[in-house]
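Values in this document were obtained by computation on a predicted structure and should not be read as measured data. These values consider heavy atoms only, across backbone and side chains, with no hydrogens, waters or symmetry-generated copies.
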Amino acid sequence: MSRLCPAVVRPHRLAFAIAALLPFGTAFAQDAATTTAEKEAATLDTVEVTAQRKVENIQDVPVSISSVSAEKLDVLGSGGNDVRFLSGRVPSLNIESSYGRAFPRFYIRGLGNTDFDLNASQPVSLIYDEVVQESPLLKGFPVFDLERIEVLRGPQGTLFGRNTPAGVVKFESAKPTRELSGYAQLAYGTDNMWNFEGAVGGPLSERWSARVSALYQRKDDWVTNTYAAGTSDGFEGYDESAARVQFLYEGEAFEGLFNLHKRHLNGTARLFRANIIDPGSNNFVPGFDKDEVSVDGQNFSWLDTWGGSARLRWDFGDLSLYSITGYETAESLNRGDIDGGYGAVFLPDSGPGVIPFASESADGLPDHKQITQEFRLESDYAGKFNWQAGVFYFKEDITIDSFNYDSLAPGNPRAGHAVQEQENTAWAAFASGEYDVTEQLKLRGGVRYTQDKKDFSASVLEAAPFGAPVGGPYRVSTDVNDVSWDLSAVYALNDDVNFYGRVAKGFRAPSVQGRLLFAAPTAPNGGVSTADSEEVISYEIGVKADLWDKRARLGFNVFRYNVDNQQIIAVGGGSNIATLLNADKSVGQGFELDLEAYLTDSLLVTLGSSYNDTEIKDSALAIPVCGATNFNPPICTPTDPTSVTANGTTVANINGNPLPQAPKWVHNLTARYSVPMGDGAELYFYTDWAYRSEVNFFLYESVEFTGKSSLEGGLRIGYGWNYGDYEVALFGRNITDQTRIVGGIDFNNLTGFINEPRTVGVEFSARF
């Protein structure tokens, strides 16, 4: 197998690589080759990952890691949903968004960032084809034509670098091969949902091969606007397309993989719904109808991104040199009716509950550019010690437009405009090594030095009625360095059981925020806030085992982490401002379980489970609560100790609170039962379920803004023939049509937003 990172599959091993990535084990070819009486018991294939920047058996990697295969991704994504469908599908992973499909926020082991501004940094790094996607708008690139997704839990700063104290979500696209191959997949479902994706690839010459992949998704508006004077009569539809083209050159001692990709999204922004939470509870108000809203503002989201990368490898025998060059750019505008209704009077019959004051805003990214470059040298000695070392460069330039609108005036005219500009430059040097102490014991360790600099400025060009006056630029500069590291050991009890231990330090560079349209006129530096660097120390021990003659695979670990100076953001409150803060400490502890097993030769079951107990530790930290500067008492029911400041703001002490959007429990279950139909045909039944326990939407705790526990399930019934070349399937996503409030807006009223509704449909696919 080629060692271009991630691995490029050579023709003579293509079949093995594909088989290794399929989780279901029952292969059409195997059924055809033997009769039911003759064939051997079904066993699990080896799963290969690149979690340590080289190809390894997942059982040998001393990291808590889950791998989601291409076939499983097809099932989970069959309803046309965006990357959020991964939420809860592996242990300790939660994904949510207040932007809809455009801006996913990732949380691993409870560590994440609820910040909704377009320069927000996250402690979970998303790596797409070896290129870091730093901007939140880049992290939502559609999931299609992938080999697998790897979720690496815990600090990953040594080898991946950019803001990874919580972990990494790593995407690997299907690569060009030396054989003509491809697929086409078409689905139709509820609300005129169409979902097409396909790919074709093969050789171009003796040295060159290529692969072209494309996706198109659309869905009609399924929420009706009952307000006759509204600017739109429906919401929640979307139209999205994406494409990727790759060229692979394979020489005698050189390989190059070149990638161009593009995305276009046109649809609805997150749909805010006024006063859907029953006061004094976290229930929906009586009579809530998810198919209706009543709003007077505009709601839309469009996003264009494109980028490219060049991943090169030179083979010098015992050494290999890698170069990974990446370029990404994005342009977007996202506008929403934040108050979630209409009217701005204190009358119970003014529409969807009380709307104390109108609020409609938009954020745009008119200018964005990211450049990354890495050089890495890797050894492949026959002896006991091997190493890799390299340098990394990152540069990002961002311009953010923030707008406010007056939805009570005819035409919803603009009533506020602010601009933020940020330049972020970072470089790092890193090294990692592993040593085989004995045949059973392997030690690994790594270190990374990072220098990170930000230059930020913000200006108010047109004042909003309730924000900072015209002025600026208000400037902030940060310049920090850090040393991250990790140490681990793997002990092979026997050929099937490995024990491991790992301790790692992670780092996130300072963040700067300047949401000036909502800042108090007297706020220092115009309302620009800064959070200093955070550092994480994580400890974990675990076991990975192949059981029952490779009919089952187990991964289990326990962990604890301590965060010093954790970056948090107080979002909302009376003025809906986002204020960056540092908590003195936060801690997390728990366990994670991954289990995959053939219960019979025809029934494959997977189970994932995690427990995350998080706690903020800062006795002096107080956060404004819901509607704090406009309501006394607050509009919600805080359960934290509260006090009133000199200016009349109600604040809550959050010491001891769990982190926001950090469920204690995450469980997922899949089951696939296959029925061979003879002559290369198969009938199968597949179901998947994901559970998460309740979550806090904000840093403070309140009755209304606590999200209920959630359990969503999927069902798929498929018939494949010609040894898997063709398949037709009926599918359902969120088959119980569970409706949950998954996020809130707390500055004006009891506004919330909800999960995706049930989708049912039919899908046809063909492979060659």
Side-chain angles (χ1 to χ4, degrees), residues 76 79-89 92-101 103-107 110 112 114 116 190-191 219 222-223 235-236 268-293 340 352-353 571-572 610 612 626 636-637 658-669 687-698 701-715 732-746 749-760:
L76 298 179
N81 293 333
D82 59 282
V83 70
R84 287 173 292 169
F85 71 68
L86 289 172
S87 183
R89 300 298 173 175
S92 294
L93 177 65
N94 188 35
I95 310 172
E96 54 87 26
S97 174
S98 57
Y99 273 72
R101 300 171 72 89
F103 187 141
R105 296 189 286 248
F106 293 77
Y107 305 78
T114 58
F116 54 83
T190 310
D191 299 312
K219 190 175 187 178
W222 59 271
V223 179
F235 302 101
E236 293 286 29
T268 300
R270 199 47 143 153
L271 184 58
F272 304 109
R273 300 167 181 257
N275 296 297
I276 65 171
I277 306 172
D278 197 16
S281 78
N282 60 350
N283 299 322
F284 286 104
V285 294
F288 170 75
D289 186 347
K290 68 180 178 182
D291 296 318
E292 294 183 352
V293 294
V571 176
S610 60
N612 287 271
C626 42
C636 68
T637 311
L659 294 170
Q661 292 291 345
K664 277 194 174 182
W665 291 100
V666 171
H667 307 303
N668 60 83
L669 173 72
T687 187
D688 62 276
W689 295 85
Y691 169 87
R692 65 140 178 84
S693 58
E694 67 178 24
V695 294
N696 288 342
F697 297 152
F698 305 109
E701 291 190 293
S702 70
V703 174
E704 292 83 354
F705 292 116
T706 299
K708 291 178 179 289
S709 61
S710 170
L711 176 64
E712 288 195 11
L715 180 64
R733 308 303 306 161
N734 189 12
I735 56 176
T736 63
D737 204 23
Q738 175 190 258
T739 304
R740 286 287 186 269
I741 301 167
V742 295
I745 302 291
D746 71 340
N749 48 40
L750 292 175
T751 290
F753 41 92
I754 66 173
N755 62 319
E756 296 296 320
R758 176 170 54 207
T759 299
V760 296

Peer 1: State, to 0.1 Å, how close Pro352 and Gly340 come at their nearest heavy-atom pair, and which atoms those are.
Peer 2: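 Heavy-atom minimum between the residues: CG-O, 4.5 Å.
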Peer 1: Once rounded to the nearest 0.5 Å, what's the spacing between atom OG1 of Thr739 and atom CD of Glu712?
Peer 2: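 Between atom OG1 of Thr739 and atom CD of Glu712 there are 9.0 Å.
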Peer 1: What are the two closest heavy atoms between Asp688 and Arg89, and how far apart are they?
Peer 2: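 Taking Asp688 first and Arg89 second, the nearest heavy atoms are OD2-NH1, 2.8 Å.
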Peer 1: A side-chain contact here means heavy atoms from C-beta on lying under 4.5 Å apart; do Leu93 and Leu86 qualify?
Peer 2: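 Yes, at least one pair of side-chain atoms sits under 4.5 Å.
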Peer 1: Distance alone, cut at 3.5 Å: any donor-acceptor contact between the side chains of Thr114 and Gln661?
Peer 2: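 There is no such pair (donor and acceptor under 3.5 Å, judged by atom type) between the side chains of Thr114 and Gln661.
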Peer 1: What pair of heavy atoms forms the shortest contact from Ser97 to Gly100, and how long is it?
Peer 2: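 So the minimum-distance heavy-atom pair works out to OG-O, 3.0 Å.
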Peer 1: Out of Val293, Val223, Asp291, Asp191, which residue meets the side-chain contact (heavy atoms from CB on, under 4.5 Å) rule with Glu236?
Peer 2: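 When side-chain contact (heavy atoms from CB on, under 4.5 Å) is applied between Glu236 and each of Val293, Val223, Asp291, Asp191, only Val223 qualifies.
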Peer 1: Taking all non-hydrogen atoms of both residues, which atom of Ile741 and which atom of Ile277 are closest, and how far apart?
Peer 2: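 The pair with the smallest heavy-atom distance is CD1-CG1, 3.6 Å.
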Peer 1: Within the distance-only criterion (no hydrogens, no angle test), does the side chain of Asn755 pair as donor or acceptor with the backbone N or O of Arg740 below 3.5 angstrom?
Peer 2: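 Yes, because the side chain of Asn755 sits within donor-acceptor range (under 3.5 Å) of the backbone of Arg740.
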Peer 1: Do Thr637 and Glu704 have side-chain N/O donor and acceptor atoms under 3.5 Å apart?
Peer 2: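 Yes.
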Peer 1: I want to check something: taking the side chain as every heavy atom from C-beta on, are Phe272 and Asn749 in contact at a cut-off of under 4.5 Å?
Peer 2: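 Not touching, per the 4.5 Å side-chain cut-off.
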Peer 1: Less than 4.5 Å apart, side chain to side chain, heavy atoms only: is that true for Ser92 and Val666?
Peer 2: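 Contact flag for Ser92/Val666 side chains = no.
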Peer 1: Does Asp737 use its side chain to pair, donor to acceptor, with the backbone of Arg758 at less than 3.5 Å?
Peer 2: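 Indeed, once roles are kept as given, a pair shorter than 3.5 Å links the two residues.
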Peer 1: Supply the atom-to-atom distance Leu669 CG to Thr687 OG1, rounded to the nearest 0.5 angstrom.
Peer 2: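 Reported value, rounded in 0.5 Å steps: 7.5 Å.
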Peer 1: List the residues meeting ring-ring contact (aromatic ring centres under 6.0 Å, His included) with Phe85, not counting sequence neighbours, and say none if there are none.
Peer 2: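 ring-ring contact (aromatic ring centres under 6.0 Å, His included) list for Phe85, sorted by chain: empty.
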Peer 1: Out of the candidates Glu701, Glu694, Lys664, only one should pair with Pro658 under the side-chain contact (heavy atoms from CB on, under 4.5 Å) rule; please name it.
Peer 2: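 Looking at Glu701, Glu694, Lys664, the match for Pro658 under the side-chain contact (heavy atoms from CB on, under 4.5 Å) is Glu701.
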Peer 1: Are the side chain of Arg733 and the backbone of Gly80 linked by a donor-acceptor contact shorter than 3.5 Å?
Peer 2: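 Between the backbone of Gly80 and the side chain of Arg733 there is no qualifying donor-acceptor contact (under 3.5 Å).
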Peer 1: Describe, in one word, how the ring planes of Trp665 and His667 are oriented to each other, choosing from parallel (under 30°), tilted (30 to 60°) and perpendicular (over 60°).
Peer 2: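 Tilted: the ring planes of Trp665 and His667 meet at 30° to 60°.
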Peer 1: Going by the rule side chain to side chain contact (heavy atoms under 4.5 Å, CB included), which residues pair with Phe698 if we only count those two or more places apart in sequence or in a different chain?
Peer 2: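 With neighbours one apart ignored, the set is Tyr700, Phe705, Asp746.
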Peer 1: Look only at the side chain of Ser693 and the backbone of Ser709, and say whether a donor-acceptor pair between them is shorter than 3.5 Å.
Peer 2: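 Flag not set: sc Ser693 to bb Ser709 has no pair under 3.5 Å.
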Peer 1: Can you tell me if Asn282 and Thr706 form a side-chain donor-acceptor pair at under 3.5 Å?
Peer 2: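 Their side chains do not contain a donor-acceptor pair, so the 3.5 Å distance test is not met.
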Peer 1: Gln738 side chain to Leu711 main-chain N or O, any donor-acceptor pair under 3.5 Å?
Peer 2: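 Checked: pair present.
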Peer 1: Taking C-beta and beyond as the side chain, do Val83 and Phe106 meet within less than 4.5 Å on heavy atoms?
Peer 2: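 Answer yes - side chains close enough.
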Peer 1: Heavy atoms only: give me the nearest Leu715-Ile735 pair and the separation to one decimal.
Peer 2: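 Nearest pair, atom of Leu715 first, then Ile735: N-CG2, 3.9 Å.
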Peer 1: Without swapping roles, check the side chain of Thr190 against the backbone of Thr759 for a donor-acceptor pair under 3.5 Å.
Peer 2: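 The answer is no, because no donor-acceptor pair under 3.5 Å joins these two groups.
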Peer 1: Work out which heavy atom in Gly112 is nearest to a heavy atom in Tyr107; give both atom names and the distance.
Peer 2: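 Taking every non-hydrogen atom into account, CA-CD2, 3.3 Å.
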Peer 1: Would you say Ser98 and Arg105 make side-chain contact, with heavy atoms under 4.5 Å?
Peer 2: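 Of all side-chain heavy-atom pairs linking Arg105 with Ser98, at least one is under 4.5 Å.
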Peer 1: Working to the nearest 0.5 Å, report the span between CD of Glu96 and CZ of Phe753.
Peer 2: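 Taking CD in Glu96 and CZ in Phe753, the distance rounds to 6.5 Å.
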